[in-house]
There are 2 protein chains.
Amino acid sequence: MQNSEALALAAALLAAAGDLTQRINDGVVSRGFEARPAWGFAFARLAPDGATVTELAAHLGVTKQAASQLVDEIVRKGYAERRPHPADARARLVVLTERGWACTRAAEEAAAEAVREWTDVLGEGEVRALRERLGRIAPYGPIRPAW
Amino acid sequence: MQNSEALALAAALLAAAGDLTQRINDGVVSRGFEARPAWGFAFARLAPDGATVTELAAHLGVTKQAASQLVDEIVRKGYAERRPHPADARARLVVLTERGWACTRAAEEAAAEAVREWTDVLGEGEVRALRERLGRIAPYGPIRPAW
DNA sequence: CGACATGGTCAAGCAGCTTGACTATATGGC
DNA sequence: GCCATATAGTCAAGCTGCTTGACCATGTCG
């Protein structure tokens, strides 16, 4: 593979990621929620059982302060709430509210809608293969900003 | 495809894009250049024959002022220079210097190196197919930030 | 030639992140 | 039981990269 091909792959990857992110965000907004794309990663971490600010920060790859600000915002807008941590009086458990869950479902619907357009172009098997291959080359650990 | 699958695809795409971007940037830095990931898109537009600030802004999807700041920086660091535009006295043509070209080549090498690791996992044909499919679903036009 | 469009810059402001300092609680050695 | 140290979280200040708004110089077209 030529060097310039590799750069083109990077560009295509970023373009696809940006496009999909934009579409998901638009879809979420059109369903009556306001959300910044970065929230998706926060919600994904909060979804199962909640998380502390520090855990969230590690997951997002930012400082505790930045994570705390993000939590401030989603709490202020009613998507999550801070509760006392059951086992550690220093910590506070951030959990999604019902509205937060609704927003998460909206994001899933929007994502499915966006991916459906890809399915129309590539076919379902190809899209599934795409997802599987991406998963193999970039395990989904802590988030690193795309640039 | 289930809704949650679609979100997982988006996450995998962003993770892969972020990972690749990070690796390319690291590779460029280790070759003795300092570059911010966003520069890649600027350099790509400047590479053939130069571009005006306005063209660059449109390509990057930001304001003229932001593009101008970016140009200030890469000029200050010796990667490009502003020349009078041959056909329009209002405009100034931003062109890469020899150092700019060297940095571009370093980015291509770094990208090739990063993609090579993927090739080891997926095989060359798969990676090529990945690039081709990504190209089909997200034509590489103006850049939209990933989030 | 004059009216408007376009390329570019200057200035101010804002959002999201950082580092640094601090308080409150937890943990482990003695 | 107590103290030293580590950890969860917040407050405050600052930086960077973007934005909007205003402006000048040049081009284009009636």
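Chain letters run A, B, ... following the sequence lines, proteins first and then strands; every chain starts at 1. Everything numeric here is computed off the predicted structure, so don't read it as measured data.
When atom types are taken as modelled, the side chain of Thr97(B) and the backbone of Tyr79(B) share a donor-acceptor pair closer than 3.5 angstrom.
In this structure, Thr54(B) reaches the sugar-phosphate backbone alone: every heavy-atom distance under 4.0 Å involves primed, P, OP1 or OP2 atoms, never a base. Using a 4.0 Å heavy-atom criterion, one finds that Ala89(A) contacts the sugar-phosphate atoms exclusively. Using a 4.0 Å heavy-atom cutoff across all strands shown, Thr63(A) reaches at least one base atom of the nucleic acid.
Counting only heavy atoms from C-beta outward, the side chains of Trp118(A) and Asp19(A) approach each other to under 4.5 Å.
Across the protein-nucleic acid pair, Leu70(A) atom CG and dG9(D) atom P stand 14 Å apart, rounded to whole Å. When rounded to the nearest whole Å, the span between CG of Leu56(B) and C1' of dC18(D) equals 15 Å. Gln69(B) places its CD atom 19 Å from the P atom of dG7(C), with the value rounded to the nearest Å. Between His85(A) atom NE2 and dT10(D) atom P the separation is 13 Å, expressed in whole Å. Between the CZ atom of Arg82(B) and the P atom of dT9(C) there is a distance of 4 Å, rounded to whole Å. If you take CG of Asp88(B) and P of dA5(C), they are 17 Å apart, rounded to a whole angstrom. One can place CD of Glu34(A) at 15 Å from C1' of dA15(C), the figure rounded to the nearest angstrom. Following rounding to the nearest Å, Arg90(B) (CZ) and dG7(C) (C1') show an atom-to-atom distance of 6 Å.
The pair Glu124(A)-Arg131(A) does not count as a salt bridge, with every side-chain nitrogen at least 4.0 angstrom from each carboxylate oxygen. Salt-bridge check for Arg136(B) with Glu132(B): passed, with a basic side-chain N closer than 4.0 Å to an acidic carboxylate O.
Ranked by how close their nearest DNA chain C nucleotide is to the 5' end, Ala91(B) and Ala66(A) are led by Ala91(B). Judged by closest nucleotide on DNA chain D, Lys64(A) is the one of Arg36(B) and Lys64(A) placed further toward the 5' end.
Looking at Gln65(A), its side chain comes within 3.5 Å of the base of dG20(C) through a donor and an acceptor atom.
Enclosure of atom CZ in Arg99(A) by more than 12 non-hydrogen atoms of other residues, nucleotides or ligands within 6.0 angstrom is indicated.
In terms of phosphate contacts, Thr52(B) brings no side-chain nitrogen or oxygen within less than 4.0 Å of OP1 or OP2 of dG7(C).
You'll find that the side chain of Arg92(B) is closest to dT9(C), out of dT9(C), dT26(D), dC18(D).
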